[in-house]
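These notes are about the structure you will find just below.
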Protein chains: 2
Amino acid sequence: MANPAPPTTYQGSGKLRPEELIYREMLGAILDRRLEPGMKLIEEDLAKTFSVSRARIRATFLQLAHDKLINLVPNRGAFIAEPTINEAIEVFSARRMIEDGVVRKIATHMTPDRASQIRDHLEREHQAHHDGDHRAAIILSGEFHLLLARLAGNLVIEEFLERLILRSSLIIAMYESPQPVDCSHSEHETLLNALLGGDPDVAAAEMAKHLDAIRNRLQLHHPKPAKTDFASIFGRTPKSAAS
Amino acid sequence: MANPAPPTTYQGSGKLRPEELIYREMLGAILDRRLEPGMKLIEEDLAKTFSVSRARIRATFLQLAHDKLINLVPNRGAFIAEPTINEAIEVFSARRMIEDGVVRKIATHMTPDRASQIRDHLEREHQAHHDGDHRAAIILSGEFHLLLARLAGNLVIEEFLERLILRSSLIIAMYESPQPVDCSHSEHETLLNALLGGDPDVAAAEMAKHLDAIRNRLQLHHPKPAKTDFASIFGRTPKSAAS
DNA sequence: GCATGCAAAATTGTTAACAATCATTGTTTT
DNA sequence: AAAACAATGATTGTTAACAATTTTGCATGC
């Protein structure tokens, strides 16, 4: 009894809730490395910064933690995630698995409309490269993969891959080589050609090659110190420092 | 500066936080259909039921919403999710994609230890069937797929599939045929044999067949009314009723 | 000098009260 | 009678204060 009303509609349809806004704001800061891995996030400071209540910051933390972008430890607070090497490997391995299915589906169901959507995106990537807009290039590079997922026509996969791509971005930010990573925009063109070929095996192989290439560009050996590591800053080895 | 301490450890290691407990409690109620799709969840009632603050219920809602088990609509509250037919199709399609990769990996990397783990699980499924413990059988059936994901050795995939399986369970609860669904425990044995065969293509095909079989056992046409539908209860069609 | 223990400050976790919003019921108007 | 309108009650959203915990700084003793 007392079963009042059906929910009817979906939640966040039109306008952006402030909660979502803060999420994206922090996300951007993380990917820009203005917030470095391991850094502590103090609720009250953030609340004042964004002019919202602490409760909302708390809710945002839960979202970020669910996406593995921060670590939430009880009674201690929130910290920017520090993906381990093993985690990095697993994320890219997972993407290989997922995107394998994605490109296979697209390759066997290519249409002129889809092809032009991909081409349009590549054009934007090319433009960003030409303009030297490194940040935009990185973002567009991630969105390329997201576009493919969308074209595969499965919202579940699309949402999952979106989170994986965000995680990948954090990993890339944490492990990228000193010289800026080539955003592999030319590899995306190669991929489009493979997709147009229509052979799912070829397309899948190309995607696997691409993801491996991204991973291999990382320096998955010594993560950048990130946190205030005075030993490396001052070039001497501490006698009994932490860890 | 002021970058005090690294997070060091992972969050929920040993003991179960009350938050997690409430999540599982509600989850069980949803899968048991004690909480029916579309039903409204009132914060204060739940808070009193579990003897916690409303804030914690709120946090739990966020988790459940992230896993698509409830819908959160602003200013209106939380409702048990009512997966649409299209959503159901996409969830199973996504599982096909993921589990394709999973069984391929297992088939090509089978070891005696892994095989015996699977056999042990099948034994438990068999036991549940024999005991007529329907609820246990359903849970074990889901955990079979989760075990395969674990054996594939990728935590990212494992966690994602866990959520997908929970969603599947809600879908099954919502769309299952009047007579209880055969939990396909024999199909799992067929799958094990395919995995032991070592041919990834055969194993993948068997998994696809299995997932399709589950989906086909559903009645993806008329979702059970669930909510208080007086029109159907009293057997007459309202003149200008909703929808 | 280094470790240990204690006190103060900072931070998170929790609770309770208040404000805003929505659903329902009852009333009025056309 | 049907639709628009208004008042009530229930429920969510927000804020602020308080309690519990952790971290930090400092003093003490070895």
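Note on naming: letters A, B, ... go to the chains in the order of the sequence lines (proteins, then strands), and numbering restarts at 1 for each one. Computed from a prediction, not measured in an experiment: that's the story for all the values here.
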Would you tabulate the nitrogen or oxygen pairs shorter than 3.5 Å linking the protein to nucleotides 10-13 of chain C?
residue: C:dT12; atom: OP1; partner: A:Lys40; partner atom: NZ; Å: 3.0
residue: C:dT12; atom: OP1; partner: A:Leu41; partner atom: O; Å: 3.4
residue: C:dT12; atom: OP2; partner: A:Glu43; partner atom: N; Å: 3.3
residue: C:dG13; atom: OP1; partner: A:Asn75; partner atom: N; Å: 3.0
residue: C:dG13; atom: OP2; partner: A:Arg58; partner atom: NH2; Å: 2.1
residue: C:dG13; atom: O5'; partner: A:Arg58; partner atom: NH2; Å: 3.1
residue: C:dG13; atom: N7; partner: A:Arg54; partner atom: NH2; Å: 2.6
residue: C:dG13; atom: O6; partner: A:Arg54; partner atom: NH1; Å: 3.3

Exercise. Take atom CZ in B:Arg114; do more than 12 heavy atoms of anything else shown fall under 6.0 Å from it?
Worked result: yes
For this session: Send over the distance from B:Leu46 CG to D:dT11 P, rounded to a whole Å.
Result: 12 Å
Exercise. How long is the line joining CD1 of B:Ile57 and C1' of C:dT14, in whole Å?
Worked result: 14 Å
Problem set entry | Short side-chain donor-acceptor distance under 3.5 Å, B:Gln63 and B:Asp67 | no
Exercise. OP1 or OP2 of C:dT14 less than 4.0 angstrom from a side-chain nitrogen or oxygen of B:Ser53, does that happen here?
Worked result: no
Problem set entry | Least distance between heavy atoms, A:Phe61 atom then A:Ile70 atom | O-CD1, 3.4 Å
Problem set entry | Other residues, nucleotides, ligands: >12 heavy atoms within 6.0 Å of A:Arg163 CZ | yes
Exercise. Using the ring of each side chain (for Trp, its six-membered ring), is A:Phe160 parallel, tilted or perpendicular to B:Phe160, with breaks at 30° and 60°?
Worked result: parallel
